[in-house]
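First up is the structure itself, then whatever we jot down about it.
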Amino acid sequence: MKEQTHLNAEQQKAVDHFEGPLLVIAGAGSGKTRIITNRIAKLLERGVLPSDILAITFTNKAADEMRERIYSLTHQKILAITFHSLCAKILRESIDSLGFRKDFTIYDEEDAFHLLKNCLQSLQMKEEKGLVKKAQQMISHAKNHLLFSLPTFAKTDEERLFATLFPIYQAKLKECNALDFDDLLSLTVELFQKDSIAKQKFQKRWSFLLIDEYQDTNMAQYAIAKILSEQHQNICAVGDPDQSIYSWRGACYENILNFDKDFPNATIVYLEQNYRSQPNILSAANSLICHNEQHYEKKLWSALERGEKVFYAKAFNEEEEASFILDRLVHHHLKDSIPFEECVIFYRTNAQSRIFEDQLIKRKIPYVIYGGLSFYQRKEIKDLLSFLRLILSDSDLLSFLRTIQIPKRGFGIASINRIVHNAESEKISPLALCRKLLGSHSYPISLTSSQRKNLQQYLDTIDLLRNMMLAKVSLEDLLHAVIEKFCYLSYLQEDPETFEDRKENINALIAKAIEWQAEQENPSLFLFLEELSLLSSVEEKKRESVRLMSLHNGKGLEFSLVFISGLEEELFPHISAHNNMEEERRLCYVGMTRAKKFLYMTHAEYRFLWGTFRPMRPSRFLKEVATDFVQKCLPASILYDEPTQEQALPQGCRVYHNTFGLGTIQKVYTTSLGESYDILFERDQLTRALIAKYAKLQICP
């Protein structure tokens, strides 16, 4: 975004507002982050203590950026933090009033999945495909909506099963002294509801509260914000209901629409000047979003040059669409000197990326896909973090299950299940049960001599590493010790094909530990593990690469050249969103407002979708964009010249056929039906005989 040299009138109004509730409706590209940081700087200038200010964001990256900007403006440090990190901080201080120990472990989504699976097995239920995942989603939904039990809405057999699982799952989490991600939010609300002393303590701690992306708050986050601000009322909420696209994560955009009802004396400021996009793009986006009934009335405008209209292109199929997009991308890269990293191809579903990847590879254009597997979800990283968790606590069931066979110790699934079952019966941890096993030869579970020896070595190693932790060795040394003592590299070498890549990932984890420890005043293993648990993804930025990403991943980003592909009914808007059309339209609006200079919106007449070639209808969103701001172009008419009937195409000529794609004429001859060609098509490397007057061939340059 173009850097502003001053604040406009509305921005200044938001910055100067002092006490009382403030809602900032910040349109796309309106300098939202700059307003938040300048507002905080103004509070500090007025004498508000840094410790009295709490800024809440939705990503660690946004929190880091906010802290850095404020420090560069004021040389003071304030607490800028995500909702989940804030709740972890609150619960570390006060969770004991809910019956948990303060050294609780945070389980990520995979950990929680395996624990829920274990709970299902304890009910001796047959694990049907997708059942655990469905249960996990329903429990997550319940926690985010502050439904502390499920029976209230359990109607079907499936829902009743989930209602039965919920308390068992929660009891198991408590037994492991662990919280899942949703617990961080819901238990914080429960803490405030049950412990008035804790609630008042945190209400007094921060007298000024700022929340970014308020339209993305779920019911639990909304409740936390209201409780923390109910005494002083100094809450500043910043966001844009037209960019609320995460209802599937539990976000309730109604929270921002109802802000003036929750805080009747609120000041509302509209930021409508856009510093990112050229006016034609903004006008097109405005004409689309006005079809939504539920939104704050605002109209983005820009003082930049009007620029190009939005390009609309229709392709025969997804291959032609991808080919057109990449041709246009290369054209702008060469003609307008737009770097590859300033180009993005958006799609509604990740499955659409394949065709673009294929063509990018063929053209040797570098690219990077956003939203891939997180660094911290890779097997080798999960393994090492599980060992570290066991060093911290014997209670961690999932870490025990993950590590007991790394490397192999001769325990089958049945043996491990017996250990877990007996531990549950005796209400002790699996590690405590293992120690008991080794201390007695008369215990109901019998071990072979080899199992006994290997188990003793496993426990001795954990004890050794725990003593190293208590002696406060560095995280680097502790990680090296884990790798060495558990012979982890030898274990990874069992799969030589992936060994080098996994080893590089381990080295990256060690580097992370070194960097993290150097930045901390009081580093500890559990704080390190907490931070890694809170990192939902790691962005591995590759410069000089075209960006491929789903529209949901585009939020907060901007590019000189934007392509929104696959604008077809049932694809975008998606077939699963027929009851949430306004959010699909907001998603399209978000994609459009990522563009600074050039915006293309494309669709295909036919697409291989859900296992078959299907005729596709253009998306309704294409019709809703005002035609005044659109210029139509057909890929065929841009890339190819249609021959007249009199033209005879020569041997060796490259042509395009709507069904078979690109090909080269191998032979020219005359039949009773007229001029004919044998054409070798590139897609399937088959030669086909076609009659010129029926083939409707287009000449490629």
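In this text the structure is predicted, and so the values were computed from the model without any measurement.
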Salt bridge Glu213-Lys555, side-chain N to carboxylate O under 4.0 Å: yes
Test log, rule side-chain hydrogen bond (donor to acceptor under 3.5 Å, both in side chains), inputs Thr349 and Gln352: CA-CA 6 Å; Thr349 66; Gln352 290 169 254; 3.1 Å; yes
Shortest non-hydrogen separation from Ala225 to Leu209 and the atoms involved: O-CD2, 3.7 Å
Neighbour count >12 (heavy atoms, 6.0 Å) for atom CD, Glu426: yes
Side-chain donor-acceptor contact under 3.5 Å, Asn177 with Ser395: no
Test: Asp394 and Arg466 ion pair at under 4.0 Å: yes
Glu230 bridged to Lys199 by N-O distance under 4.0 Å: yes
Gln76 and Tyr71 side chains, donor-acceptor separation under 3.5 Å: no
Ring-face cation of Lys134 near Phe162 (centre distance under 6.0 Å, axis angle within 45°): no
Side-chain donor-acceptor contact under 3.5 Å, Asp396 with Ser393: no
Side-chain donor-acceptor pair present, His574, Ser576, cut-off under 3.5 Å: yes
Under 3.5 Å side-chain donor-acceptor pair for Asn255 and Tyr214: no
Presence of salt bridge, Asp52 and Arg205, under 4.0 angstrom: no
Arg67/Asp64 salt bridge by N-O under 4.0 Å criterion: yes
Short side-chain donor-acceptor distance under 3.5 Å, Ser550 and Asn553: yes
Within 6.0 Å of CG in Leu470, more than 12 heavy atoms from elsewhere: yes
Cationic N near anionic O, under 4.0 Å, Lys143 to Glu190: no
Greater than 12 external heavy atoms within 6.0 Å of His145's NE2: yes
Test log, rule side chain to side chain contact (heavy atoms under 4.5 Å, CB included), inputs Phe486 and Ile483: CA-CA 6 Å; Phe486 284 107; Ile483 294 163; over 6 Å; no
More than 12 heavy atoms from other groups under 6.0 Å of NZ on Lys379: yes
Other residues, nucleotides, ligands: >12 heavy atoms within 6.0 Å of Lys453 NZ: no
CD (Glu109) with more than 12 external heavy atoms under 6.0 Å: no
Electrostatic pair Asp477:Lys472 at N-O distance under 4.0 angstrom: no
Arg389 to Tyr107, cation-pi by 6.0 Å centre distance and 45° axis angle: no
Aromatic ring proximity, centroids under 6.0 angstrom, Tyr169 and Phe166: no
Geometric cation-pi criterion, Arg502 with Phe499: 6.0 Å, 45°: no
